[in-house]
Amino acid sequence: RITAGFHSGTQLNSALEIRDVHKHFGSLHALRGIDLTIERGEFFGLLGPNGAGKTTLISILAGLARADKGTLKVMGHDVVSDYREARKNLGVVPQELVFDPFFSVRECLRIQSGYFGLKKNDAWIDELLHNLSLSDKADANMRALSGGMKRRVLVAQALVHKPPVIVLDEPTAGVDVELRQTLWQFIRKLNQQGHTIVLTTHYLEEAEALCNRIAMMKQGQVIALDTTQNLLSSAPSNHYVRLRLEPNALPEALKPQLRGEHNGTCTLELASYDTLEGVMVQLRTANIAVKEMEMIQPDLEEVFVSIMGGHQ
């Protein structure tokens, strides 16, 4: 059983308060007035294309960069004027694989504990190692670990001081399916116990399955903010069918409806589900058999593409 505790903070409901945050890098206006409130206990998704400003915002929250304008608070603690408490309440899993090559996994976690003044933290370290399937690697040197194992250690380092707010910046980028499942099982448990989770990911199916609420960023601005269910409900009302045909040759009359081809299947756009019968008639007339058929429901990826493409 995971027994994660919390640092005491203010009695406010917000885990993160971000107000009118701006950041410049030379002539680049990387963040343009970000306003976000993330409530305690939320599983929150922060999505956007590369260069949208997600990692810059996380860096400012973690104290690795300073905003040019605006305020950020973690559990009510300002990240500048009350930075010690802000950092105690925050755990960040970075996008890059950053590790110390001279220590074992357990030594790295003990050193990380020391940064927060924690002594005799081995019981919690053992629990982290167990939940992240790292127990058999506890005494291995960091240099000897695979990329997926190193990423698990980064997660453990972010959690070693039991922070109530956990930020995961692309935590499953380039890792295997087993690690993704192990990680999400563990993070879900932490969220169920009251930890606030903020996730950035390019795997939109992860965000759709995990996040209660989502903000979408583009060019340093939040351009969409709503519950996951409301965002899915706002998907374009297009209908799609995916077909595997024999022979794999689409009749000319159906080619205007073609929206994609992949691994021997084709995806057609339908004006409505009622028009599917007309598609079948065209295929039968051309002596083309349907080997597989799948109706495609709108997903978060479709919403994301629509919002990003439609925003001016």
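Index from 1, following the sequence.
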Give, for atom NZ of K150 and atom CD of E96, the distance between the pair rounded to the nearest 0.5 Å.
-> 14.5 Å
Kindly work out whether a path of hydrophobic side-chain contacts (I/L/V/M/F/W/Y, heavy atoms less than 4.5 Å apart) joins F25 to V21.
-> no
Value rounded to 0.5 Å, distance of CE in M293 from CG in L245 = 11.0 Å
So do the side chains of C211 and T228 get within less than 4.5 Å of each other, counting heavy atoms only?
-> yes
Distance-only polar pair, side chains of N141 and S104, donor-acceptor under 3.5 Å | no
Short side-chain to backbone donor-acceptor contact, T200 and L47, under 3.5 Å | no
Give the cluster check for L300 versus Y203: same hydrophobic cluster or not, with ILVMFWY residues linked at side-chain heavy-atom distances below 4.5 Å.
-> no
With distance as the sole test, does H161 use its side chain to make a donor-acceptor pair with the main-chain N or O of G114 at under 3.5 Å?
-> no
Nearest heavy atoms of L231 and A224, plus distance in Å = CD2-CB, 4.5 Å
Full working for side-chain contact (heavy atoms from CB on, under 4.5 Å) between L36 and F44 | CA-CA 11 Å; L36 281 175; F44 189 90; 4.1 Å; yes
Considering all heavy atoms, the nearest D82-H77 contact = OD2-ND1, 2.7 Å
CG on L46 to CG on L199, rounded to 0.5 Å | 9.0 Å
Quick one: closest heavy-atom pair of L258 and C266, and the distance?
-> CD1-CB, 3.7 Å
Here the pair of heavy atoms bringing F99 nearest to M142 is CB-CE, 3.5 Å
Using atom types as modelled and distance alone, determine if a side-chain donor or acceptor of S14 lies under 3.5 Å from a backbone N or O of E17.
-> no
Under the 3.5 angstrom rule, does the side chain of R143 hit a backbone N or O of P101 as a donor-acceptor pair?
-> yes
Using side chain to side chain contact (heavy atoms under 4.5 Å, CB included) as the criterion, point out the one residue from Q219, M217, M308 that pairs with P49.
-> M308
R84, CZ: over 12 other non-hydrogen atoms inside 6.0 angstrom = no
Any donor and acceptor pair, going by atom type alone, linking the side chain of Q257 with main-chain N or O of E269 inside 3.5 Å?
-> yes
Going by distance alone, is a donor N or O of one side chain under 3.5 Å from an acceptor N or O of the other, for T37 and R19?
-> yes
If you measure only the distance, is there a donor-acceptor pair under 3.5 Å linking the side chains of E42 and T196?
-> no
Separation of Q229 CD from R213 CZ (nearest 0.5 Å) | 15.0 Å
Would F102 and I111 show up in the same hydrophobic cluster when neighbours are defined by side-chain heavy atoms closer than 4.5 Å?
-> yes
Taking only Lys NZ, Arg NE, NH1 and NH2, and the carboxylate oxygens of Asp or Glu, determine whether E85 and K88 approach each other closer than 4.0 Å.
-> yes
Using a distance-only test with no angle check, is there a side-chain donor-acceptor pair under 3.5 angstrom linking E292 and T265?
-> no
Does a donor on one side chain sit under 3.5 Å from an acceptor on the other, for H24 and D68?
-> yes
Between M216 and V303, does a side-chain contact (heavy atoms from CB on, under 4.5 Å) hold up when you go through it step by step?
-> CA-CA 10 Å; M216 294 187 184; V303 175; 4.2 Å; yes
Should R180 and E170 count as an ion pair when the cut-off is N to O under 4.0 Å?
-> no
May I ask you to decide if T55's main-chain N or O and S59's side chain share a donor-acceptor pair within less than 3.5 Å?
-> yes
Say whether, by atom type as modelled, one donor and one acceptor occur between the side chain of R106 and the main chain of D122 under 3.5 angstrom.
-> no
With sequence neighbours left out, write down each residue that passes ring pair (Phe, Tyr, Trp, His ring centres under 6.0 Å) with H130, or none if nothing qualifies.
-> none
Are L64 and L31 connected in the hydrophobic side-chain network, where two residues link if heavy atoms are under 4.5 Å apart?
-> no
Donor-acceptor pair between N230 and T227 side chains, under 3.5 angstrom = yes
Indicate yes or no: does D20 engage K69 in a salt bridge with an N to O separation below 4.0 Å.
-> yes
Roughly how far, to the nearest 0.5 Å, is CD1 of I296 from CZ of R259?
-> 12.0 Å
Mind listing the side-chain donor-acceptor pairs of residues 281-290 below 3.5 Å, one per line with the distance, residues two or more places apart or on another chain?
residue : atom : partner : partner atom : Å
R284    : NH2  : E277    : OE2          : 3.0
T285    : OG1  : V281    : O            : 2.8

V160 vs L118, side-chain contact (heavy atoms from CB on, under 4.5 Å): CA-CA, chis, key distance, verdict | CA-CA 9 Å; V160 79; L118 298 175; 5.6 Å; no
What closest approach, in Å, do A158 and P163 show between heavy atoms, and which atom pair accounts for it?
-> O-CG, 3.3 Å
With distance as the sole criterion, is a donor-acceptor pair present between the side chains of H202 and N50 under 3.5 Å?
-> yes
Closest heavy-atom pair and its distance - K291, E246 = CE-CB, 3.5 Å
Inter-residue atom distance L183.CG - N131.CG, 0.5 Å rounding = 11.0 Å
State plainly whether one hydrophobic cluster holds both V80 and V92, where clusters connect Ile, Leu, Val, Met, Phe, Trp and Tyr through side-chain heavy atoms under 4.5 angstrom apart.
-> yes
How about E301: does its CD atom have over 12 heavy atoms from other parts shown lying under 6.0 Å from it?
-> no
State whether the side chain of W124 and the backbone N or O of L159 hold a donor-acceptor pair below 3.5 Å, judged by distance alone.
-> yes
